[in-house]
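Naming: A, B, ... by sequence-line order, numbering from 1 per chain.
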Protein chains: 2
Amino acid sequence: MARERKFSLEELYKQVKPLLLNNGYEGFTFSHLADALNVARGTIYKYFENKDELITAYMIFEMEQSHKELQQISHISDFNGQFDFLITFMFQNSNLHRLIEIGKQVQSSTEVVKKNKQRLMEMQIDMYKHLQDFISLGKQENMLKPHLPDTLILGYIFQSIAIPNHFGIPQSVWVSSIKEMLQSGMFAHNN
Amino acid sequence: MARERKFSLEELYKQVKPLLLNNGYEGFTFSHLADALNVARGTIYKYFENKDELITAYMIFEMEQSHKELQQISHISDFNGQFDFLITFMFQNSNLHRLIEIGKQVQSSTEVVKKNKQRLMEMQIDMYKHLQDFISLGKQENMLKPHLPDTLILGYIFQSIAIPNHFGIPQSVWVSSIKEMLQSGMFAHNN
DNA sequence: TCTCAAAGTGACAGTTGTGTCATTTTAACT
DNA sequence: AGTTAAAATGACACAACTGTCACTTTGAGA
């Protein structure tokens, strides 16, 4: 007996993404989203109590996809393969980073929001565990410098996608340069 | 015949900084700032037409200080000295980065705002020139790999300050690890 | 001590966003 | 064709921020 919905949750999330990335947490409004969905603002309140609930729910959705993708890393046996996989993963999920930053701006208000934030936290820890295994493998195989802090190694890999390519250097050059930089740094080894 | 002012521009800027860093562009309001200064909101309008004008003016103020500091780099003759100087500079100006990001959210509206943005742009270019010289020197002295794009090298150095030190690794270890990472990467050179 | 202009105030009108809810629309199922 | 419950709507009350401006306060200088 139910009337057909004008939009699915997936469609909604798809609209949320650019709005959130372009306007940030504070700049994101139900009005904008309603416009993007060609729907009255009130309608969205049928599915989400408020902005924080919507945003955290969206983040979980986005995270779940990335998480699933990243899990594939454990099916690769050698370190070099994992390293390549991780670089590719990063470039394919380049805005995940910014979304996480935006997510930090959500103040836990409702019980639901608290639960969502909890869930997100768990997912991040879980992802981190996978990456930790990657680092461990690298150090075990004597591929990574053992004295560098794990968190710095991971941080470096993740930050590298955020480097702005202002001068439009071709993607292939850019990516291979980043790989080289991560592996052996910027100093010429002439000494 | 003028009455004494309740706050100086410097005092105002000092209050702007945390408000902007904590709440972002959209989250920054004249009300908050007025509260922080113990002043009526209307008072601030005596000095700034609107939010964009205030924020860009503040950015110029902040930039000028960093710029002056960075200029010292040209007094250092050798590349290694400049490299060390730059790392120190970055850590002392760790939020400059975020401020520039926030600055990008300012839509040019007034004529004054446009001028301020223009001025900021020029300062950034000027700073970039100094850094460009640094890279050139490094390549000339055969210290830096000649095939890596200059903008990537610079980007890499600047991103490194943004790596979150979640696990509270001691500052000295952190900084020296970052230096090593930049110089020779994360791979053990065992082949 | 008086003057006066700069500094500061707070009330007003306008805009934008929030959350609610009584009402209307829709289509699947009798 | 009629029923019905989910889906959608849009108006309402409220809150926060913006920009303006007539007015008040203040203290340096005549």
Less than 4.0 angstrom from a charged side-chain N to a carboxylate O is my criterion; do A/Arg41 and A/Asp35 meet it?
no

In whole angstroms, the gap separating P of C/dC21 from CD of A/Glu49 amounts to 11 Å

Check if the side chain of A/Arg41 and the base of C/dG19 share a donor-acceptor pair of N or O atoms closer than 3.5 Å. yes

**Prompt:** Do the charged groups of B/Asp150 and B/Lys139 touch, with an N to O distance under 4.0 Å?
**Reply:** yes

Here the distance between atom P of D/dA16 and atom CZ of B/Phe28, to the nearest Å, is 18 Å

Separation of C/dG19 atom C1' from A/Glu53 atom CD, nearest Å, is 13 Å

To the nearest angstrom, the CG-C1' distance between A/Asp35 and C/dG17 comes to 13 Å

(message) Please determine whether the number of non-hydrogen atoms from other residues, nucleotides or ligands lying under 6.0 Å from atom CD of A/Glu4 exceeds 12.
(response) no

Check your understanding: Distance check: side-chain N/O of B/Lys46 vs OP1/OP2 of D/dT20, anything under 4.0 Å?
Key -> no

- prompt: What does B/Phe48 touch in the nucleic acid at a heavy-atom separation under 4.0 angstrom: a base, only the sugar-phosphate, or nothing?
  reply: nothing

When rounded to whole Å, the CG to P distance for the pair A/Leu54 and C/dG19 reads 11 Å

When rounded to whole Å, the OH to P distance for the pair A/Tyr45 and D/dA6 reads 22 Å

To the nearest 0.5 Å, atom CZ of A/Phe48 lies from atom CZ of A/Phe30 at 8.0 Å

* Base, sugar-phosphate, or nothing for B/Thr43, non-hydrogen atoms under 4.0 angstrom? -> base

Side-chain atoms of B/Ala40 come closest, of D/dG19, C/dG19, C/dG10, to C/dG10

Notebook entry, point to check: Does B/Arg3 get its side chain close enough to the base of C/dA7, under 3.5 Å, for a donor-acceptor pair?
Noted result: yes

Regarding the side chain of B/Arg5, the nearest nucleotide among D/dG19, C/dT18, C/dG8 is C/dG8

| query | With a 4.0 Å cut-off, would you call B/Glu180 and A/Lys145 a salt bridge? | reply | yes

A/Lys6 NZ to C/dT24 P, in whole Å, measures 18 Å

Separation of C/dT9 atom C1' from B/Ile44 atom CD1, nearest Å, is 12 Å

Residue pair B/Phe7/A/Gly27 against DNA chain C: nearer the 5' end by closest nucleotide is B/Phe7

Sorted by position of nearest nucleotide on DNA chain D, 5' first, the leading residue of B/Glu4 and B/Lys51 is B/Lys51

